[in-house]
Q: 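Below you'll find the structure I mean.
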Amino acid sequence: MTADLLDDLNEPQRRAVVHEGTPLLVVAGAGSGKTRVLTRRIAYLLSNRNVSPGEILAITFTNKAAGEMKERVADMVGPRARVMWVSTFHSACVRILRAEAQRLGLKSNFTIYDTQDSVRLMTLIAKDHNIDIKAYSAKYLLSSVSNLKNELIDHETAVSRANTPQEEIVAEVYGEYQRRLMRASAVDFDDLIGHTVALLQAFPDVAEYYHRKFRHVLVDEYQDTNHAQYMLVRELVGAGKDGVSPAELCVVGDSDQSIYAFRGANIRNIVEFERDYPNATTVVLEQNYRSTQNILSSANAVIEKNANRPKKKLWTAEGDGPKVTIYTAADEHHESDYIVRTIDDLIDNNEYAFKDFAIIYRTNNQSRSIEEVFIRKGIPYKVVGGTRFYERKEIRDALAYLRAVANPADDVSVRRILNVPRRGIGDKAEEAVEMFARRERITFSEALNRIPEIHALATRSATALTEFNTMINHLRTMDDSGAGPSEILMKAMETSGYLKELSASRDPQDEVRVENIAELENVTREFEEQFPAENEDERPATLSDFLERVSLVADSDEIPTDDAHGGVVTLMTLHTAKGLEFPVVFVTGMEDGVFPHQRALGSASELEEERRLAYVGMTRAMQRLFLTRASARSTWGQPNYNPESRFLAEIPDEFVERHGEETKALGLSGSNFDRPQKRDIQVMVLNIGDRVLHDKFGMGTVIATAGHNDSAEATIDFKSAGQKRLLLRYAPVEKL
DNA sequence: CGTGGACACGTTTTT
DNA sequence: CGTGTCCACG
């Protein structure tokens, strides 16, 4: 057994698998066999170190990663892998919180709000508190609150620490937001982590229980943890103060692939691991089994430009391979044409099938021009990401019905569907119910049960509300008497008239919506079928069970798998591509302002994150890597002339081959544009780095330029007023 | 109460 | 350019 598990590992991998006794950090470069080490280590614990599956907690960020890990371990050690906790941060926390909810004043059937629910709630709060929504959008307020939660700062602390008017407003809505969540017996994604940390800190007996239970804690993608997740790991591992020795901790990650700082991920957690856990051991995996040396050397060259990163250099035993291709196209259409031509050529030579190709870009809107050409040329493709199944309006409406049924305290869901489809309940009626509920200190749903007492209601509104309430109550009765999610879903869609309204519509979009509802019904049925098998208690799947599953599963757009007809080309963002690999990869839009993104240009730390993103993108490629750019790219109808991405210049010539039509940085001469050159009035020419004086904003520095003549724009960083994008034709700026 | 047109805005997003 | 939101009107 031991031989089997260790046989095909290289030396550092083997060390990571067998390491014993002290905290372990595995620094795993791209393609270095990270998942293999993690799964082998778990298998090794089970078969060679006499650890029982129930003592293992393995944490990932995605359900997919968790599922794969569990499956791979089960392949090695058999079905007893089932009792292991291999789950996402969020599912692990839900499991703990459900068991201990009452200690935090929550009902154990609490609802989990997703981002959209939270935005809705925050919008309501902003309105109630007369907050200027123009200056403080619900999104801004929410992300501020989320940042605080990621740092484990509660609303009381936020209030006491608030120094600026902004911080005061955020602290105020934060408190109200938490009160409303609590009243609705709901938590948001951040709370799942934060509440669990609070639980473990406030209740030593609960902490001790988990310390005794989990003797091994493994964390994947450690570079993506935020402070709250970092603390959660610390609390779960324990410090031995309760007489239980700390669990053996193993974290795996790569600081060069940290690309979620904007969501609160803190690269510090992995960089400072040895400081956090003083007796820690570090194993570095640098041998890459995925890419050719030319691809790795190029990626290394780019990432090395980041300051203060732990040194690490990927290498491969597989040989140089072809050089990386850098292609410059005249515009984004030519860029797409080039991609299609190249794909065709490679397929004609029988080297590759469609499924071997991935097109990766910085922002979702870049897929459009590529899709257009793909459709025209008949290239089969799939866009991964974008609007996901569970984010579609109709799916969210349907789920709101189910949530309103399962958790009557869930005001946000009840109010979402109150007038969907239209049933004559307007803002005024809703407000009257809301006022009544607040006066009586009851939930919105409870208020609906007392409509006759609400005198502010017009008769017509009262009738509509009563009818709505009767329908919802009927659905709740079904739920109480054990009807399954699929049955309740279909009943809700029928009695509410939701399906009817969609079916009656001539809008082709609504036809798709009907199909999506049908697909959701499929999901409920599949869930009902698999549920008893997965759980030891024989209880059939309830609506709440279903909703919990759904709330923690974001995606349904899967990465296309192998397919009889050569599959399809995959299109996705750089972020989505992390963790994947393809024989041939195109990274498109290699232009300053596109990638690195415009908004990162002014900040050193954001530029470093962009560079890590470039590293992630390039290291997805196994055999061929193409970096493409367009001299001109139309954004919102206006052509932009972005300079070549700075990342391209960072790759030494020896690893690359350049092709395409080079266009002069300024002016259109020498390019093969069809469009006649316009003769425009000369406006001021600004270059990056120029200092300017603006009538209103004062002194500033040019950090980016775009367009020419009439349409010339400059992004200028003004010290006090922040960054502004100005049309130079009008802007009252003066070059210094 | 419902709707059309003006208007503002526009990264990345594992849960 | 495309989408989502807000207000004035029917």
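Proteins come first, then strands; the chains are lettered A, B, ... in the order of their sequence lines, and each starts at number 1. Remember, predicted model here, so these are calculated numbers, not experimental data.
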Q: Under a plain distance cut-off of 3.5 Å, with no hydrogens placed, do Arg234(A) and Tyr230(A) share a side-chain donor-acceptor pair?
A: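 Result is yes, a qualifying pair exists.
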Q: Just to confirm, is there a sub-4.0 Å distance from OP1 or OP2 of dT15(B) to any side-chain nitrogen or oxygen of Asn63(A)?
A: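 For dT15(B), OP1/OP2 do have a side-chain N/O of Asn63(A) under 4.0 Å.
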Q: Is Glu581(A) paired with Arg620(A) through a side-chain N to carboxylate O contact shorter than 4.0 Å?
A: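 No.
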Q: If you measure from the Lys or Arg side-chain nitrogens to the Asp or Glu carboxylate oxygens, is any gap between Glu608(A) and Lys305(A) under 4.0 Å?
A: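 Salt bridge between Glu608(A) and Lys305(A), a charged N being under 4.0 Å from a carboxylate O: no.
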Q: Take atom CG of Asp220(A) and atom P of dT15(B), then tell me their distance rounded to the nearest Å.
A: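 Going from Asp220(A) (CG) to dT15(B) (P), I get 13 Å.
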Q: Quick test of the criterion, 5.5 Å between centres and less than 30° between planes. Is His90(A) stacked on dT15(B) or not?
A: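 So His90(A) does not count as stacking on the base.
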Q: So, the side chain of Gln257(A) versus the backbone of Lys578(A): is there a donor-acceptor pair under 3.5 Å, distance only?
A: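 Checked: no pair found.
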Q: For the pair made of CD1 in Ile360(A) and C1' in dT12(B), what is the distance, rounded to whole Å?
A: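 Between C1' of dT12(B) and CD1 of Ile360(A): 14 Å.
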Q: If you look only at pairs with a residue in residues 358-374 of chain A, which of them pass as a salt bridge (charged side-chain N to carboxylate O under 4.0 Å, His left out), with sequence neighbours excluded?
A: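 Non-adjacent pairs meeting salt bridge (charged side-chain N to carboxylate O under 4.0 Å, His left out): Arg362(A)-Glu610(A).
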Q: Out of dT15(B), dT13(B), dT11(B), which nucleotide sits closest to the side chain of Phe262(A)?
A: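 Shortest atom-to-atom distance from the side chain points to dT13(B).
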Q: For a quick check, with a 4.0 angstrom heavy-atom cut-off, what is the B/S/- contact string for nucleotides 1-7 of chain B, read 5' to 3'?
A: SSS----
Q: Classify Gln229(A) by what it touches in the nucleic acid, base, sugar-phosphate, or nothing, heavy-atom distance under 4.0 Å.
A: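 Since no nucleic acid heavy atom lies under 4.0 Å of Gln229(A), the category is nothing.
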Q: Touch check for Asn364(A), heavy atoms < 4.0 angstrom, all strands: base, sugar-phosphate only, or nothing?
A: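 Since only primed, P, OP1 and OP2 atoms lie under 4.0 Å of Asn364(A), the category is sugar-phosphate.
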Q: Tell me: CG of Leu97(A) to P of dT15(B), nearest whole Å?
A: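 From Leu97(A) CG to dT15(B) P: 18 Å.
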Q: For Glu606(A), which contact category applies under a 4.0 Å heavy-atom criterion: base, sugar-phosphate, or nothing?
A: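 Base contact - Glu606(A) has a heavy atom under 4.0 Å of at least one base atom.
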Q: Verify whether the ring centers belonging to Phe61(A) and His90(A) lie closer than 6.0 Å.
A: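 Here the rings of His90(A) and Phe61(A) have centres that are no less than 6.0 Å from each other.
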Q: Please compare Thr88(A) and Arg362(A) by the position of their nearest nucleotide in DNA chain B and report the one closer to 5'.
A: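 Upstream on the strand: Arg362(A).
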Q: Picking from dG2(C), dT15(B), dT12(B), which would you name as closest to the side chain of Arg263(A)?
A: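 Output: dT15(B).
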Q: Rounded to whole Å, please give me the gap between CG in Leu574(A) and P in dT11(B).
A: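 Nearest whole value for this atom pair: 15 Å.
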Q: Mind telling me if dT11(B) is syn or anti? Syn here is a glycosidic angle within 90° of 0.
A: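 dT11(B): syn glycosidic orientation.
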Q: Quick check with a 6.0 Å cut-off and a 45 degree axis cone: is Arg423(A) positioned over the face of Phe468(A)'s six-membered ring?
A: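 Output no; distance or angle outside limits.
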Q: Report which part of the nucleic acid Tyr260(A) touches: base, sugar-phosphate, or nothing (heavy-atom distance under 4.0 Å, all strands).
A: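 The answer is base, as Tyr260(A) lies within the cut-off (heavy atoms under 4.0 Å) of a base atom.
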Q: Distance check needed: dT13(B) P versus Asn147(A) CG, whole Å only.
A: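 Going from CG in Asn147(A) over to P in dT13(B) covers 18 Å.
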Q: How many Å lie between NZ on Lys393(A) and P on dT3(C), as a whole number?
A: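 Computing the Lys393(A):NZ to dT3(C):P distance gives 15 Å.
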Q: Is there a side-chain contact between Thr115(A) and the phosphate of dT13(B), meaning an N or O under 4.0 Å from OP1 or OP2?
A: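 For dT13(B), OP1/OP2 do not have a side-chain N/O of Thr115(A) under 4.0 Å.
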Q: Could you state the atom-to-atom distance from CG of Asn640(A) to P of dG10(B) in whole Å?
A: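 Nearest whole value for this atom pair: 16 Å.
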Q: Can you tell me the distance, in whole Å, between the CE atom of Met572(A) and the P atom of dT12(B)?
A: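 Going from Met572(A) (CE) to dT12(B) (P), I get 15 Å.
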Q: Using only atom types and a distance under 3.5 Å, with no angle test, would you say the side chain of Glu335(A) pairs donor to acceptor with the backbone of Gly589(A)?
A: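 Side chain of Glu335(A) to backbone of Gly589(A), a donor-acceptor pair under 3.5 Å: yes, one is there.
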